[in-house]
Amino acid sequence: MSISLTIKTLIGIEVTPEILMERYAETGDAKVLSQLYDACADDLFHFLVTHSDYTLAKDVAQKTWLKIIEKRHLYRPSGRFKPWLFTIARRTLLDEFRAQSKCVELDQLSLHTTTPNMTAEKIEERFDQVLMQLPFVQREAFCLQQEGFSLKEISEITSTSAETIKTRIRYARKTLRDALENIHE
Amino acid sequence: MSKQTNLTKTDDKLDLDKLYLNRKHQLRMPRSSKHVLLQHARETRISNGWFNRLSFYALAASTMLLVMFVSFTPNQSPLNNAHLVTNVELHSMPVDNIKPSISAELTQRRAQHYADYIAKEQTLKAYRQSFAKIMSTNNGLELKTCDNTRLYLSQTLVNALANMNKLDSNVKKGQQVAIVFDKQGIILSILEPKQGPMC
C-alpha cells in the first residue's frame, strides 16, 4: 500500500472509494483493491441479489470485479466510483439475463412471478416479499436511491430520464408503504 | 452515502430506509469471493509486470539496433557514393529527353522564321506605287502627286530612307519620282521611275 494512503488512514482522513480506485488504477496494488472491495462489495452484492437470485448475483458480482481489475486504466478520477461500479454491474446482469432468455424487456422482467404471499407476520419479512414483487425497474430505482445515489446518477446508471426515475421511485415507495401499512392494521 | 431524494422524508411510521438497511445486513457478499478476486488481481499484476518489462527490453533493443544501423551505414564504401551520384545524374537528365526538346525548339524557330518571311513577302507584294514630282529639298522633301496632293517628308525620314538605300540619290528638284507604299501606307522607297513620267 502506498505511503500517502497509509498516512491518510492513520490520521483518520476518510479514504473514499474514489481515492482507493484512483490509487489502484495507478499501482494495481492488491491491498488497495482489497480495501476497495471491502468498501463496496456488500452494497453491490445486495443490489444484484435484489434483482436476481443468490447464485447469479454472486456470479455477476465476481464478473463485475474482474472487469474492474482488467479495465482499471479506464477509470476517470473526475467521477464517483460507485456509480461506475454499479453501471458495469447492471450491464453485466442484463447481459446475463439476455443470455438466458434471448430478449428481455425490463418492464416485464420479474424473477418472482408467483402470487404475492402476504402471510408474513414480521414487517421485515413482509418488506422483503413486497420489494421482490415490485416491477424490475421500480425495484432498481428504489434500491439505487437507497444506496445513496442522486437522481442524476440513477438516471445515468439506468440510462433513463430523471423524471421517469422519480416516478418509479414514487410508485415503489407507495406500493411498499401500502403493503406494510396493511400488516399494521 | 449522502444524497437522498426527498421522497424518504414522507415515510414517518414506516421507515423504509431502516428496513432496507436491515435487509442489506442480512445479505452480504460471500467472503470466499474476495480471496479468489485478489488472487486474480495479483496474477494480473504479475503478468502485466512481465509484459511491461519485456516491452521495455524489446523497445530498448530495437532502438539500439536502429542507432547502430544509422551510424555505421554511411562510412562503409565511398565508391558506392560516387556511383550513386552518377546514377542520380543519369536519372535527372536523361539523354533521350534532350534530343526531342532541341529538335522541337529548332522546328519551332524554323517555323517562326518562315512565318516572318511569308509576312514580309506579303508586305512587299501588297504595296502600291504612285508618282509624284519633287517640289523642294529644303528641310526634307515636298512631293506633289499626280492628283495634286502634297506630301511633306521630314528630314529624318529622308535620312532613314537614304541609309537603307531606299532613296535614289539621283533625284533632283522638279524631277518625277515613283513612291512605293506598303499596304499600311508607309513609304518604302522613293525611286527614279524606269518607264518615264506617268502623270
Side-chain angles (χ1 to χ4, degrees), chain A residues 24 27-34 37-38 40-50 54 57-59 61-62 65-66 68-70 72 82 123-128 130-131 142-143 145-154 165-166 169-170 172-174 176-181 183-184, chain B residues 1-70:
Chain A
Y24 177 62
T27 61
D29 189 350
K31 286 179 184 173
V32 181
L33 179 68
S34 172
Y37 185 90
D38 290 341
C40 305
D42 287 337
D43 292 347
L44 181 68
F45 179 72
H46 180 259
F47 172 76
L48 291 170
V49 86
T50 308
Y54 185 87
K58 192 179 153 188
D59 197 28
Q62 194 83 285
W65 283 106
L66 289 174
I68 296 290
I69 292 168
E70 282 157 16
R72 62 189 162 97
K82 268 185 85 172
I123 193 165
E124 288 84 5
E125 287 174 18
R126 187 69 170 269
F127 174 78
D128 187 48
V130 180
L131 179 66
F142 175 75
C143 286
Q145 186 225 359
Q146 288 295 316
E147 291 299 333
F149 294 115
S150 65
L151 277 176
K152 186 172 175 287
E153 285 172 335
I154 298 171
I165 294 295
K166 216 187 268 185
I169 292 171
R170 192 168 61 244
R173 296 190 77 87
K174 186 178 182 309
L176 285 166
R177 215 165 37 238
D178 290 348
L180 296 176
E181 274 171 357
I183 205 170
H184 282 297
Chain B
M1 291 294 150
S2 56
K3 292 181 181 177
Q4 294 276 339
T5 59
N6 292 329
L7 294 166
T8 55
K9 291 172 185 172
T10 56
D11 305 310
D12 297 330
K13 278 200 303 183
L14 299 164
D15 195 346
L16 294 178
D17 300 348
K18 198 175 174 184
L19 287 166
Y20 184 86
L21 272 177
N22 288 341
R23 186 177 189 273
K24 215 166 131 178
H25 285 310
Q26 291 163 14
L27 292 165
R28 288 176 179 276
M29 184 78 181
R31 294 298 111 183
S32 58
S33 301
K34 184 181 174 182
H35 178 71
V36 175
L37 200 75
L38 293 178
Q39 187 63 33
H40 178 80
R42 284 190 195 97
E43 284 166 8
T44 308
R45 195 185 183 195
I46 290 165
S47 62
N48 282 350
W50 273 106
F51 179 75
N52 289 340
R53 264 177 230 159
L54 276 172
S55 306
F56 174 76
Y57 289 135
L59 183 70
S62 56
T63 309
M64 278 182 66
L65 276 171
L66 185 69
V67 168
M68 283 170 68
F69 180 75
V70 169

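Within every chain, numbering begins at 1; the chains are lettered A, B, ... in the order of the sequence lines, protein sequences first and strands thereafter. Remember, it's a predicted structure, so these values are computed and weren't measured experimentally.
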Any side-chain heavy-atom pair of A/Gln146 and B/Leu21 under 4.5 Å: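 They are not in side-chain contact.
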
Max heavy-atom pair count under 4.5 Å with chain B, selected residue of A/Leu131, A/Asp128, A/Leu33: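 Most heavy-atom pairs within the cutoff with chain B belong to A/Asp128.
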
I need the residue from A/Tyr24, A/Phe45, A/Trp65 with the largest number of non-hydrogen atom pairs under 4.5 Å to chain B.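 The option with the most such pairs is A/Phe45.
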
At a 4.5 Å cut-off on heavy atoms, which part of A/Ile69 comes close to chain B: side chain, backbone, both, or neither?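 Side chain only.
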
Please flag which part of A/Phe142 lies under 4.5 Å from any non-hydrogen atom of chain B: side chain, backbone, both or neither.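 Contact with chain B is through the side chain of A/Phe142 alone.
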
Chi angles and distances behind the side chain to side chain contact (heavy atoms under 4.5 Å, CB included) call for B/Leu19, A/Leu176: CA-CA 11 Å; B/Leu19 287 166; A/Leu176 285 166; over 6 Å; no

What's the separation between atom CG in A/Asp43 and atom NZ in B/Lys24, rounded to the nearest 0.5 Å?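 NZ of B/Lys24 is found 3.5 Å from CG of A/Asp43.
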
Kindly compute the distance separating CZ (B/Arg31) from OH (A/Tyr37), expressed to the nearest 0.5 Å.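 Those atoms lie 6.5 Å apart.
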
What pair of heavy atoms forms the shortest contact from B/Ser33 to A/Gln62, and how long is it?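 B/Ser33 and A/Gln62 have their closest heavy atoms at O-OE1, 3.6 Å.
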
Heavy-atom closest pair, residues A/Tyr54 and B/Pro30: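 Closest pair (atom of A/Tyr54, atom of B/Pro30, distance): OH-CG, 3.2 Å.
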
Does a side-chain N-to-carboxylate-O contact under 4.0 Å join B/Arg28 and A/Asp38?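 Between A/Asp38 and B/Arg28 there is no salt bridge, as every charged N stays at least 4.0 Å from the carboxylate O atoms.
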
Can you tell me if NZ on B/Lys34 sees more than 12 non-hydrogen neighbours from other groups inside 6.0 Å?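 Buried by this count: over 12 neighbours within 6.0 Å.
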
Assess the residue pair B/Tyr20 and A/His46 against the criterion (side chain to side chain contact (heavy atoms under 4.5 Å, CB included)); give the C-alpha distance rounded to whole Å, side-chain angles, the decisive distance to 0.1 Å, and a yes or no. CA-CA 10 Å; B/Tyr20 184 86; A/His46 180 259; 3.2 Å; yes

